[in-house]
Each structure stands twice: as C-alpha cells, then as structure tokens.
Colleague: 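I'd like to ask you about the structure that follows.
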Amino acid sequence: MGERRGRRGREGSAVGLEKYWASDPMDVLRVRQDFVLADVDTGSAPGFEGKKREAEKSLAVGAGILAGLQEQLFAGHQMGDDPRRILLVLQAMDTAGKGGIVKHVMSAVDPQGVQLATFKKPTEEELAHDFLWRIRKEVPEPGMIGVFDRSHYEDVLIGRVRELAPPEEIERRYDAINEFEAELAASGTTIIKVMLHISMDEQRSRLLKRLERRDKHWKFNPGDIDERMLAPKYREAYQVVFDRTTTPYAPWYVVPADHKWYARLAVQHLLIDALEGMKLDWPLADYDIEEQKARLATG
C-alpha cells in the first residue's frame, strides 16, 4: 500500500502510517452505488489493523505529513496563484466527534491556511435568501483548507426530518447541492464529505458524560435528547442524501465513529490522500535569488 500511494519517501511515514493500514481509507470508507448506512458497523475500524495506541502514533506522524502538504498548498497560491483548495464537510449526529476532528486533526496545520465555518440555525436574514446563500460566503479561498462543521446538508437533513420545508423544496435542494458542488469542483475545489456514524449506545454514553462533568455542561443542550429521539428518521434522511448527492466530484465517506481515535485517523488520511493527489510542489521564486543574496551580503 505504501509503495502505491507514494509516501515512502516521507520521513517516518512507512512506520507511522502504512504499517497498520491494510486498506486505503479512501477505498473502504467511500460511499458507492447500493451503499446502505444500516450495514455500517459503527464500532469497527475499516482497513486499520492496529488499536488505539497504534492509531495515536500514526496520528502524530500523519500530523507532520499533513502540515507539510498544507503548507505547500498555501504557498502555491501565495506565490504561484494556484487556484486549488480543499473543502472538508463534516456531518454527524450530536457527540459523534466533529469538534474532535477540528481540534485533533486540523490543529496540526498552520491556522492561517484553514477556514472553519460552523452553521447554526439560520438567522432571519439568511432565511430571506436561498439556503445556499450563507454557504457560498464561507467557501474556502484558493490555497486554503476549508472545514464546514455542519453544512448545506442541514437544509435537507433537518429540513426533511423536522418538515421545515415542503417536500418539493427538499427535492429541489438535492439538485441545487449537486450543481453547487459541481461548480466548486470545476473551480479547483477538492471536496471531501464525511459523515461520522455513531451508535445510539455510544451517543448515550457521551451525552451522559457531559451531564456528569461540570466542565462539559456547556457542551450539553436539552435539545440534543430531542434530536436523539429522531435518530431513525435522521438515518433515513442520511440514506437519501447519500443516494442523491454522492458524485465523482464530491464523494461521501462514512466513518465509523464509536472509536474517536479511528475517526480522527481516518479523516486525517482522507485529507492527506487528497493533498497528495494534487501532486503539490513548492512554487518557484518570482525574484532573482542570487540578486537577493548579494543584497543581503552588502546590506
């Protein structure tokens, strides 16, 4: 696997990454035709042969690789006007670990190269526009890795489950999303859409921990339990999302999330693979290097 993915040349990568991966996460986690969400084992670790300890070691090594690739992406636009960028979409039920992905995966890279957008309940101004209006404003700039903590998919998930819009409007939105993402892809955006899939038992355990710890009370909202009661409807809504919006230019990946260590490592790998697929390199200087050295020598 390491030879095929061309990462053997990166220091530490062979031991830290390929040693425990039997299958490429981009292959085993990708939503394909006839995918059924109910068939996913939320407690599994597809493609990974290690356990938590090995995953943490791999995550640390991967952090260095991700940081280096992200810097090349950022530098490519800063000096070379490279239009490419990445958009990571994170969707999940409450407690599935979106915040942990941002904290433990994205914290490894230079913050000036990351754009994080969190989408809450729409404001009155946002409701006065098409549902994609507020999303378009947060699309990452060239050279950036954009992260959507929840996204435009809320408008077909909550909208469908809570019946916040007529069925015909929900149907229209699937097509609008596909057109929007096709537009992004055509402009140089690599789209990685991730659904962190957590079991009801694990979610109950995590919600209970939030209630038992004072330092976690701020993370709990009584509405989380209301949403939990609608979990079967949400799973149905996610299945429709996968059926309607999985495309070659904007694929979905379903990541089992009962093990936080696996979810973080898997998402890190998806980002690394996407960046490596860009075949990034350092941009050429747009000034005379020897001339600048001479200036420094006499200055």
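Everything quoted here is computed from the prediction, not taken from an experiment.
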Colleague: Within a 6.0 Å radius of atom CD on Glu163, are there more than 12 heavy atoms belonging to other residues, nucleotides or ligands?
Modeller: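 Incorrect, the count does not exceed 12.
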
Colleague: With a 4.5 Å cut-off on side-chain heavy-atom distances among I, L, V, M, F, W and Y, is there a chain of contacts connecting Val61 to Tyr262?
Modeller: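 Linked within one cluster.
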
Colleague: Going by an N to O cut-off under 4.0 Å, is there a salt bridge joining Arg172 and Glu169?
Modeller: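 Between Glu169 and Arg172 there is a salt bridge, with a charged N closer than 4.0 Å to a carboxylate O.
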
Colleague: Going by heavy atoms in the side chains, are Tyr174 and Thr245 under 4.5 Å from each other?
Modeller: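 The answer is yes; the side chains approach within 4.5 Å.
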
Colleague: With hydrophobic residues grouped by side-chain heavy-atom distances under 4.5 Å, do Leu196 and Val241 end up in a single group?
Modeller: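 Different clusters.
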
Colleague: If you count heavy atoms of other groups shown closer than 6.0 angstrom to NZ of Lys137, is the number above 12?
Modeller: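 Check passes, neighbour count above 12.
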
Colleague: Give a yes or no on whether the backbone of Thr123 and the side-chain of Glu126 come within a donor-acceptor separation of less than 3.5 Å.
Modeller: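 Confirmed, Glu126 side chain pairs with Thr123 backbone.
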
Colleague: Looking at NZ of Lys121 and CD of Glu154, how far apart are the two atoms once the value is rounded to the nearest 0.5 Å?
Modeller: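 Separation between the atoms: 13.5 Å.
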
Colleague: Between Asp94 and Arg150, is the salt bridge (charged side-chain N to carboxylate O under 4.0 Å, His left out) condition met? List the steps.
Modeller: CA-CA 11 Å; Asp94 295 311; Arg150 300 190 186 275; 3.1 Å; yes

Colleague: Decide, yes or no, whether a salt bridge links Arg206 with Glu202 under the criterion of side-chain N to carboxylate O below 4.0 Å.
Modeller: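 Answer for the salt bridge query: yes.
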
Colleague: Could you give the distance from CG (Leu59) to CD (Gln268), rounded to the nearest 0.5 Å?
Modeller: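 Here the rounded value is 4.5 Å.
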
Colleague: Under the rule for side chain to side chain contact (heavy atoms under 4.5 Å, CB included), what residues qualify as partners of Gln239, not counting sequence neighbours?
Modeller: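 With neighbours one apart ignored, the set is Phe35, Val36, Leu37, Asp243.
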
Colleague: When you look at CZ of Arg32, are more than 12 heavy atoms from neighbouring residues, nucleotides or ligands closer to it than 6.0 Å?
Modeller: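 More than 12 heavy atoms, drawn from other residues, nucleotides or ligands, come within 6.0 Å of this atom.
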
Colleague: Which heavy atom of Gly62 sits nearest to which heavy atom of Ile272, and what is that distance?
Modeller: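 The pair with the smallest heavy-atom distance is O-CD1, 3.7 Å.
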
Colleague: Relative to each other, are the rings of Phe148 and His152 parallel, tilted or perpendicular (30° and 60° limits)?
Modeller: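 Perpendicular.
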
Colleague: Do any N or O atoms from the side chain of Glu54 and from the backbone of Lys51 form a donor-acceptor pair under 3.5 angstrom?
Modeller: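 The answer is yes, because a donor-acceptor pair under 3.5 Å joins these two groups.
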
Colleague: Whether the side chain of Tyr234 engages the backbone of Arg228 through a donor-acceptor N/O pair (distance < 3.5 Å, no angle test) should be reported.
Modeller: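 Not a single qualifying donor-acceptor pair exists.
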
Colleague: So how far is it from Ser199 OG to Asp258 CG, rounded to the nearest 0.5 Å?
Modeller: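 CG of Asp258 is found 3.5 Å from OG of Ser199.
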
Colleague: For Glu49 and Ala22, work out which heavy atoms get closest and say how close.
Modeller: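 Closest approach of Glu49 to Ala22, heavy atoms only: OE2-CB, 3.4 Å.
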
Colleague: Do Asn178 and Tyr249 make a side-chain contact, defined as non-hydrogen atoms from C-beta onward lying under 4.5 Å apart?
Modeller: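 Yes, side chains in contact.
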
Colleague: I'd like to know if Lys293 pairs up with Glu290 as an ion pair, taking the criterion as any Lys NZ or Arg NE/NH1/NH2 lying under 4.0 Å from an Asp or Glu carboxylate oxygen.
Modeller: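 Salt bridge flag = yes for Glu290 with Lys293.
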
Colleague: Which heavy-atom pair separates Ala250 from Glu181 by the least distance, and what is that distance?
Modeller: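 In terms of heavy atoms, the two residues are closest at CB-OE1, 3.3 Å.
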
Colleague: Less than 4.5 Å apart, any side-chain heavy atom of Arg204 and any of Leu207?
Modeller: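 SC-SC contact between Arg204 and Leu207 ruled out.
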
Colleague: Nearest 0.5 Å please: distance from the OG atom of Ser44 over to the NE2 atom of His259.
Modeller: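 Those atoms lie 8.0 Å apart.
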
Colleague: Side-chain contact, heavy-atom cut-off 4.5 Å: Val194 with Val89?
Modeller: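 In short, these two side chains do not touch, never coming nearer than 4.5 Å.
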
Colleague: Any side-chain to backbone donor/acceptor pair from Arg210 onto Lys216? Under 3.5 Å, distance only.
Modeller: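 No; zero donor-acceptor contacts below 3.5 Å.
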
Colleague: Can a salt bridge be assigned to the pair Lys209 and Asp215 using a cut-off of 4.0 Å between side-chain N and carboxylate O?
Modeller: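 So Lys209 does not pair with Asp215 through a salt bridge.
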
Colleague: Check whether any side-chain heavy atom of Thr42 lies under 4.5 Å from a side-chain heavy atom of Ile198, and answer yes or no.
Modeller: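 The answer is no, as the side chains (C-beta and beyond) never meet within the 4.5 Å cut-off.
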
Colleague: What heavy-atom pair brings Trp261 and Ala55 nearest, and what distance separates the two atoms?
Modeller: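 It is CE3-CB, 3.2 Å.
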
Colleague: Any side-chain to backbone donor/acceptor pair from Asp130 onto Trp133? Under 3.5 Å, distance only.
Modeller: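 Flag not set: sc Asp130 to bb Trp133 has no pair under 3.5 Å.
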
Colleague: Enter the distance from Lys193:NZ to Met195:CE here, rounded to the nearest 0.5 Å.
Modeller: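 Result: 13.5 Å between the selected atoms.
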
Colleague: Closer than 3.5 angstrom, by distance alone: can the side chain of Arg173 be matched with the main-chain N or O of Asp155 as a donor-acceptor pair?
Modeller: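 Judged by distance alone, yes, a pair lies under 3.5 Å.
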
Colleague: Please report the shortest heavy-atom distance between Ala266 and Val255, naming the atom on each side.
Modeller: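 Closest approach of Ala266 to Val255: CB-CG1, 4.0 Å.
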
Colleague: Stepwise, does the side chain to side chain contact (heavy atoms under 4.5 Å, CB included) test hold for Arg85 with Glu141?
Modeller: CA-CA 7 Å; Arg85 71 205 83 179; Glu141 298 293 326; 5.5 Å; no

Colleague: What verdict does the side chain to side chain contact (heavy atoms under 4.5 Å, CB included) test give for Val139 and Leu87, after you've listed the backbone C-alpha separation in whole Å, the side-chain angles of each residue and the deciding distance to 0.1 Å?
Modeller: CA-CA 8 Å; Val139 169; Leu87 173 59; 5.8 Å; no

Colleague: Closest heavy-atom contact between Ala257 and Ala96?
Modeller: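 Smallest interatomic distance, heavy atoms only, reads CB-O, 3.7 Å.
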
Colleague: Which is it for Tyr253 and Thr246 under the side chain to side chain contact (heavy atoms under 4.5 Å, CB included) test, yes or no, and what are the steps along the way?
Modeller: CA-CA 9 Å; Tyr253 299 90; Thr246 294; over 6 Å; no

Colleague: Do you reckon Phe131 sits in the same ILVMFWY cluster as Ile135, going by side-chain contacts under 4.5 Å, direct or chained?
Modeller: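 Both belong to a single hydrophobic cluster.
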
Colleague: Quick check: does any side chain N or O of Thr298 sit under 3.5 Å from a backbone N or O of Ala294, one acting as donor and the other as acceptor?
Modeller: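 Side chain of Thr298 to backbone of Ala294, a donor-acceptor pair under 3.5 Å: yes, one is there.
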
Colleague: CD/Gln70 to CD1/Ile65 distance, rounded to the nearest 0.5 angstrom?
Modeller: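 Interatomic distance, Gln70 CD to Ile65 CD1, rounded to 0.5 Å: 14.5 Å.
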
Colleague: Side chains of Leu29 and Pro46, heavy atoms from C-beta outward: is any pair under 4.5 Å?
Modeller: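 A side-chain contact under 4.5 Å exists here.
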
Colleague: Quick one: does any side-chain atom of Thr189 pair with a main-chain N or O of Ala185 as donor and acceptor, under 3.5 Å?
Modeller: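 Flag not set: sc Thr189 to bb Ala185 has no pair under 3.5 Å.
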
Colleague: For Glu71, I'd like to know if atom CD has over 12 heavy atoms of other residues, nucleotides or ligands within 6.0 Å.
Modeller: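 Not more than 12 within 6.0 Å, no.
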
Colleague: Return yes if some donor-acceptor pair links the side-chain N/O of His217 with the main-chain N/O of Arg213 below 3.5 Å, else return no.
Modeller: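 Present.
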
Colleague: Spell out, as yes or no, whether a donor-acceptor pair under 3.5 Å connects the side chain of Gln91 to the backbone of Ser151.
Modeller: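 Looks like yes, one N/O pair under 3.5 Å.
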
Colleague: Heavy-atom distance under 4.5 Å between the side chains of Thr190 and Arg84, does that happen here?
Modeller: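 Not in contact.
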
Colleague: Under a 4.5 Å side-chain heavy-atom rule over Ile, Leu, Val, Met, Phe, Trp and Tyr, are Leu116 and Ile192 clustered together?
Modeller: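 Result: yes, single cluster for both.
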
Colleague: List the residues meeting salt bridge (Lys or Arg N to Asp or Glu O under 4.0 Å) with Arg244, not counting sequence neighbours, and say none if there are none.
Modeller: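 Expected list: Glu171, Asp175.
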
Colleague: Run the ring pair (Phe, Tyr, Trp, His ring centres under 6.0 Å) check on Tyr238 and Trp252 step by step: do they pass?
Modeller: CA-CA 11 Å; Tyr238 269 109; Trp252 272 104; 7.1 Å; no

Colleague: Less than 4.5 Å apart, side chain to side chain, heavy atoms only: is that true for Gln203 and Glu227?
Modeller: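 The answer is no, as the side chains (C-beta and beyond) never meet within the 4.5 Å cut-off.
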
Colleague: Are Leu69 and Met144 linked, directly or through intermediate hydrophobic residues, by side-chain heavy-atom contacts shorter than 4.5 Å (ILVMFWY only)?
Modeller: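 Met144 does not cluster with Leu69.
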
Colleague: Evaluate side chain to side chain contact (heavy atoms under 4.5 Å, CB included) for Met278 paired with Ile86, printing each intermediate quantity in order.
Modeller: CA-CA 10 Å; Met278 293 180 174; Ile86 284 181; 3.5 Å; yes

